[in-house]
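Protein chains get the first letters and strands the later ones, always in sequence-line order, with residue 1 at the start of each.
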There are 2 protein chains.
Amino acid sequence: MSREAPSTAVEPTPEQALDVVRESIERERLVTLFGPCRVEYEGRASSTLDVGDRLVVLKPDGSALVHTDEGQQPVNWQPPGCTHEARVDDGTFVVESQRTTPDEELLVRFESVRHVAAYDATDPEDLALSGTEADLRDRILDDPSLLEDGFEPRATERDTPAGAVDIFGEDAEGNAVVVELKRRRVGPDAVGQLNRYVEALRRDLHADATVRGILVAPSVTDRAGRLLERRDLEFVSLSPVPET
Amino acid sequence: MSREAPSTAVEPTPEQALDVVRESIERERLVTLFGPCRVEYEGRASSTLDVGDRLVVLKPDGSALVHTDEGQQPVNWQPPGCTHEARVDDGTFVVESQRTTPDEELLVRFESVRHVAAYDATDPEDLALSGTEADLRDRILDDPSLLEDGFEPRATERDTPAGAVDIFGEDAEGNAVVVELKRRRVGPDAVGQLNRYVEALRRDLHADATVRGILVAPSVTDRAGRLLERRDLEFVSLSPVPET
DNA sequence: GTCTTCATGTCGGAT
DNA sequence: ATCCGACGTGAAGAC
């Protein structure tokens, strides 16, 4: 019962495709199908897609992907947790993938299946990613003077009525400082976020407390920069990874 | 030179895989590879992924996808416009996908290729999607009283210094109305967005002009609701699709 | 190219 | 289950 060789069939009949797919779903294999098909989706939104050649991937965790020859994103999909079902309907091979909460359904109707394959896939590894917001946070915690001289971090993920603040601390004068981190160049949305946290803390702390808000990112857009000024918020340029 | 049958090879040697993949890239076919591999990415961020079974998809538009047995999203990828290259390196089959602006590179090193397939794929169809924000906008433009009696739309995508307003109009009393649309339940971010537009218009219009801000969505979260009140903004519950 | 926002966003973490 | 924010977000449209 260890990993078996991939099962594949070129130009299978609908019945042959059905056999492969049903058994593969049963045995929790990763399935790929290729051929001309129509796709219908109904759920949070709804869509139809007329006949074209597509690659359909069914994963053992219940995800489904419909890929065309273009684009990084699938043209249709279903998230993990769905139930895949295959059948032959009116002589054509059909895959249906359903879930509840919310009720959603994906239907792929093949004009013909040009290829089907099934794989035993196991992947014990986690992705090791660097250059994230967490890396930016750690850079500042390791050397708070990167933010400004005299800055002292007091907490990460500090809760406020408006949400959790990335880094909360004190400046050299003892003022409260709210730091919002972004791993890349930011627009007006990040300024709004920082502003909400600063307002919330100003309401929560003593009325006489000064609360500074500092946005930390590699850079800001013009509009975001003007918005920062208007809100009396500050900006410090810093990347998740030291500049080369 | 019309559509040929899929080419596939089970357990190819690295050299056989190389032949198939090189020719398929040349001929702009859609390629899938399956087998145990390591993956490295370097670009906006960087990542490594140790050995595991994965499905790799190379598209003729230059996209690359690395899928594990779990998750809707690829564990690694490359966007359209990249250059795919295959080679045998130290006896192992390797795929490299590169792009510029920004410089990014994806490297997939197979321990062994368990299956390779190549497809001629053409897809002339566009997805027909409904239930989007555009549908919500059209509902209101068709029947402005859905927003409130006496509302008159004047413009969509009206420009302000803070960005484009979804719907700009006038209420029964002649006050300016800024409408922000969301196709689903919204959080604090949407309130911030609406607030920016309202502030910008208050600065732009005559000092004595009243500018109302209305958020239109199926529902709002508690925090967003409180934020709306604090900012003196309004909420109207409406879905992109009429309720059943 | 940059900027801005939408998305069936997805995903993870916390409550 | 909902809420909230990060993401190598991606994709589209405007400038």
Legend entry - For the student: nearest non-hydrogen atoms of Arg139(B) and Leu146(B), plus distance: O-CD1, 3.6 Å
Inset, instruction - Nearest whole angstrom, please: distance from the C1' of dT5(C) to the CG of Asp159(B). - result: 13 Å
Enumerate all atom pairs, one protein N or O and one N or O from nucleotides 13-15 of chain C, separated by less than 3.5 Å.
none

Inset, instruction - Please state the C1' separation for the pair dA7(C) and dC7(D) - nearest whole angstrom. - result: 13 Å
Inset, instruction - To the nearest 0.5 angstrom, please state how far the CZ atom of Phe34(A) sits from the CG atom of Asp53(A). - result: 4.5 Å
Legend entry - Side-chain N or O of Arg44(A) closer than 4.0 Å to phosphate OP1/OP2 of dT10(C): yes
Inset, instruction - Please round to the nearest 0.5 Å and tell me the distance separating atom CZ of Arg185(A) and atom OG of Ser237(A). - result: 10.0 Å
Legend entry - Min side-chain heavy-atom separation Val39(B)-Leu106(B) under 4.5 Å: yes
Inset, instruction - Would you classify Thr101(A) as touching base, sugar-phosphate or nothing, given that sugar-phosphate means primed atoms plus P, OP1 and OP2, and contacts are heavy atoms under 4.0 Å? - result: sugar-phosphate
Inset, instruction - Could you work out the separation of dA11(D) and dC11(C) based on their P atoms and round it to a whole Å? - result: 16 Å
Legend entry - Spacing between Gln73(A) atom CD and dT8(C) atom P, to the nearest angstrom: 10 Å
Inset, instruction - Please state how far atom CD in Glu133(B) lies from atom C1' in dG9(C), giving the value in whole angstrom units. - result: 14 Å
Inset, instruction - Please work out if Pro80(A) contacts a base, only the sugar-phosphate, or nothing of the nucleic acid, heavy-atom cut-off 4.0 Å. - result: sugar-phosphate
Inset, instruction - Check every strand shown and say whether Arg196(B) touches a base, only sugar-phosphate, or nothing at a heavy-atom separation below 4.0 Å. - result: sugar-phosphate
Legend entry - Atom pair CZ/CD1 of Phe235(B) and Ile214(B) - distance to nearest 0.5 Å: 11.5 Å
Inset, instruction - Identify whether any heavy atom of Ala162(A) sits under 4.0 Å from a base atom; if not, whether one sits that close to sugar-phosphate; answer base, sugar-phosphate or nothing. - result: sugar-phosphate
Legend entry - Nucleotide dA7(C), atom C1' - distance to CG of Asp166(B) in whole Å: 14 Å
Inset, instruction - Determine the minimum heavy-atom distance between Gly71(A) and Pro80(B), stating which atoms define it. - result: CA-CG, 4.1 Å
Inset, instruction - Remember a base hit wins even if backbone is also touched, and classify Pro102(B) as base, sugar-phosphate or nothing at under 4.0 Å, heavy atoms. - result: nothing
Legend entry - Pairwise distance OH(Tyr41(B)) to CG(Leu127(A)) - rounded to 0.5 angstrom: 10.5 Å
Inset, instruction - Would you kindly compare Trp77(B) and Gly163(A) by the position of their nearest DNA chain D nucleotide and give the one closer to the 5′ end? - result: Gly163(A)
Inset, instruction - Grab the CD-P distance between Gln72(A) and dA7(C) for me, whole Å please. - result: 19 Å
Inset, instruction - For the pair Glu111(A) and Val51(A), evaluate side chain to side chain contact (heavy atoms under 4.5 Å, CB included) and give the outcome as yes or no after the intermediate values. - result: CA-CA 8 Å; Glu111(A) 296 225 315; Val51(A) 181; 3.7 Å; yes
Legend entry - Donor-acceptor contact below 3.5 Å, side chain Asp103(A) vs main chain Thr100(A): no
Inset, instruction - Supply the atom-to-atom distance Leu107(B) CG to Asp89(B) CG, rounded to the nearest 0.5 angstrom. - result: 8.0 Å
Inset, instruction - Determine the sole option in Arg109(B), Gln78(B), Arg87(B) for which the side chain to side chain donor-acceptor pair (under 3.5 Å) test with Glu96(B) is passed. - result: Arg87(B)
Inset, instruction - Remember a base hit wins even if backbone is also touched, and classify Glu180(A) as base, sugar-phosphate or nothing at under 4.0 Å, heavy atoms. - result: sugar-phosphate
Legend entry - Given DNA chain C, 5'-ward residue of the pair Asp189(A) and Leu127(B), judged by closest heavy atom: Asp189(A)
Inset, instruction - Indicate the atoms forming the closest heavy-atom contact of Ala162(A) with Ala200(A), along with that distance. - result: CB-CB, 3.7 Å
Legend entry - Near-strand residues of residues 212-229 of chain B, defined as heavy-atom separation under 4.0 angstrom from DNA chain D: Thr221(B), Arg223(B)
Inset, instruction - Heavy atoms of chain A, cut-off under 4.0 Å: which first and last nucleotide of DNA chain D, 5' to 3', fall inside that, if you could look? - result: dA1(D) to dA11(D)
Legend entry - Gln193(A) vs Arg99(B), nearer the 5' end of DNA chain D by closest nucleotide: Gln193(A)
Legend entry - Closest non-hydrogen atom pair, Gln72(B) against His67(B): O-CE1, 3.4 Å
Inset, instruction - Tell me what Thr132(B) touches on the nucleic acid: a base, only sugar-phosphate, or nothing, going by heavy atoms under 4.0 Å. - result: sugar-phosphate
